[in-house]
Engineer: 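Take this structure, written in structure tokens, and hold onto it; I'll ask about it next.
Along the sequence shown, residues are numbered consecutively beginning with 1.
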Amino acid sequence: MRAHLARVDAVLVQAVIAAALSFAHLHDVASAAGQDGWKAWAYPVSVDLLLVAAWRRLRSGEAKAAGWCWFLIALAASLGANIATAGLLDLDHVPAWLRILVAGWPAVAFLGGTLLVHSSPTTHDETSDAVDQETPEDIEDQEDAPDPAPEPPAPPAVEPVPAPPPVTVPAALVEHARKVAAEHHARTGTAIDTPTLRARLGVPPPMADAIAAQLT
């Protein structure tokens, strides 16, 4: 426990020192660019607040593109001030472009902070809120609801019965059947029917039907 507290304290001390140095560098650049008095102290506050707002957006997991964009803008402002005060820039003769950047920073910081903090909730949040608003009574009603009746099984598919192969009747048998039919008609005066023809010829029913079809 003591080792954990010592590690946390060391990190906090390092963060406070880094923040104080960055704060002072931003103040010096703003003051050199013509922002004197309380305005020079307000510039580092706006940069740090924009960094915090962008970091919170990244931690929330929503609109990471916007969070990274404004985080890099604020980080560039902080790093630029740190590098400018390291002897690479003459603070007594600040160039005009730096004065323009410092003068326009408040509008940029206001726009970024407003977009990061006052953004509309996402659909995921609305869905989560709707799930959280379910009461225990609703959950019990869902558990007590009867299960839907199972659907009856589909009837088995009926395979089509293959048609019987066509019966081939020899021509001689057809001629013999014609003679039998003519004899029957001469004797009885009526056409011969299929059962009588089958009995006279001694053939199976399918062949008798085929012969009778050829006699008509």
Side-chain angles (χ1 to χ4, degrees), residues 1-139 142:
M1 184 66 180
R2 291 182 178 179
H4 179 70
L5 290 177
R7 183 169 63 253
V8 173
D9 292 341
V11 173
L12 290 178
V13 170
Q14 182 182 9
V16 170
I17 294 175
L21 292 174
S22 179
F23 195 93
H25 293 160
L26 286 167
H27 169 268
D28 294 343
V29 172
S31 179
Q35 307 296 328
D36 54 353
W38 66 271
K39 293 182 289 184
W41 294 105
Y43 274 85
V45 175
S46 66
V47 174
D48 292 342
L49 289 180
L50 186 59
L51 279 172
V52 172
W55 178 248
R56 286 174 61 97
R57 174 57 62 88
L58 293 176
R59 291 290 300 272
S60 66
E62 301 173 359
K64 288 188 175 181
W68 277 113
C69 176
W70 291 107
F71 182 82
L72 293 177
I73 291 175
L75 185 63
S78 180
L79 289 177
N82 295 336
I83 296 173
T85 56
L88 301 179
L89 181 67
D90 186 5
L91 296 181
D92 294 332
H93 301 87
V94 177
W97 61 265
L98 182 58
R99 294 179 181 271
I100 295 174
L101 288 179
V102 172
W105 172 256
V108 176
F110 175 78
L111 177 62
T114 302
L115 294 177
L116 290 173
V117 177
H118 298 286
S119 59
S120 58
T122 59
T123 306
H124 176 72
D125 294 338
E126 295 176 356
T127 306
S128 302
D129 295 340
V131 173
D132 295 338
Q133 291 176 0
E134 289 186 355
T135 60
E137 290 78 5
D138 296 336
I139 299 177
Q142 295 177 1

Engineer: Please find the pair of heavy atoms, one from Ala54 and one from Gly67, that lie closest to each other, and give the distance.
Structural biologist: CB-O, 3.5 Å

Engineer: Give the minimum heavy-atom separation between Leu51 and Leu75, together with the two atoms involved.
Structural biologist: CD2-N, 3.7 Å

Engineer: How far apart are the closest heavy atoms of Leu116 and Ala66, and which atoms are they?
Structural biologist: CD2-O, 4.1 Å

Engineer: Testing Phe71, Trp55, Trp105 one by one against Leu50 for a side-chain contact (heavy atoms from CB on, under 4.5 Å), which residue passes?
Structural biologist: Trp105

Engineer: Closest heavy-atom contact between Ala84 and Val29?
Structural biologist: CB-CG2, 4.2 Å

Engineer: More than 12 heavy atoms of other residues, nucleotides or ligands under 6.0 Å from CZ of Arg99: yes or no?
Structural biologist: yes

Engineer: When rounded to the nearest 0.5 angstrom, what distance separates OG1 in Thr114 from CZ in Phe110?
Structural biologist: 4.0 Å

Engineer: Could you report the tightest heavy-atom contact between Ser46 and Ala109, atom names first, then the distance?
Structural biologist: CB-CB, 4.2 Å

Engineer: Using only atom types and a distance under 3.5 Å, with no angle test, would you say the side chain of Ser60 pairs donor to acceptor with the backbone of Arg57?
Structural biologist: yes

Engineer: Please examine the side chains of Leu58 and Trp70, heavy atoms only from C-beta on, and report whether any two atoms are closer than 4.5 Å.
Structural biologist: no

Engineer: Do Pro106 and Tyr43 make a side-chain contact, defined as non-hydrogen atoms from C-beta onward lying under 4.5 Å apart?
Structural biologist: yes

Engineer: When rounded to the nearest 0.5 angstrom, what is the spacing between CG in Asp36 and CH2 in Trp41?
Structural biologist: 13.0 Å

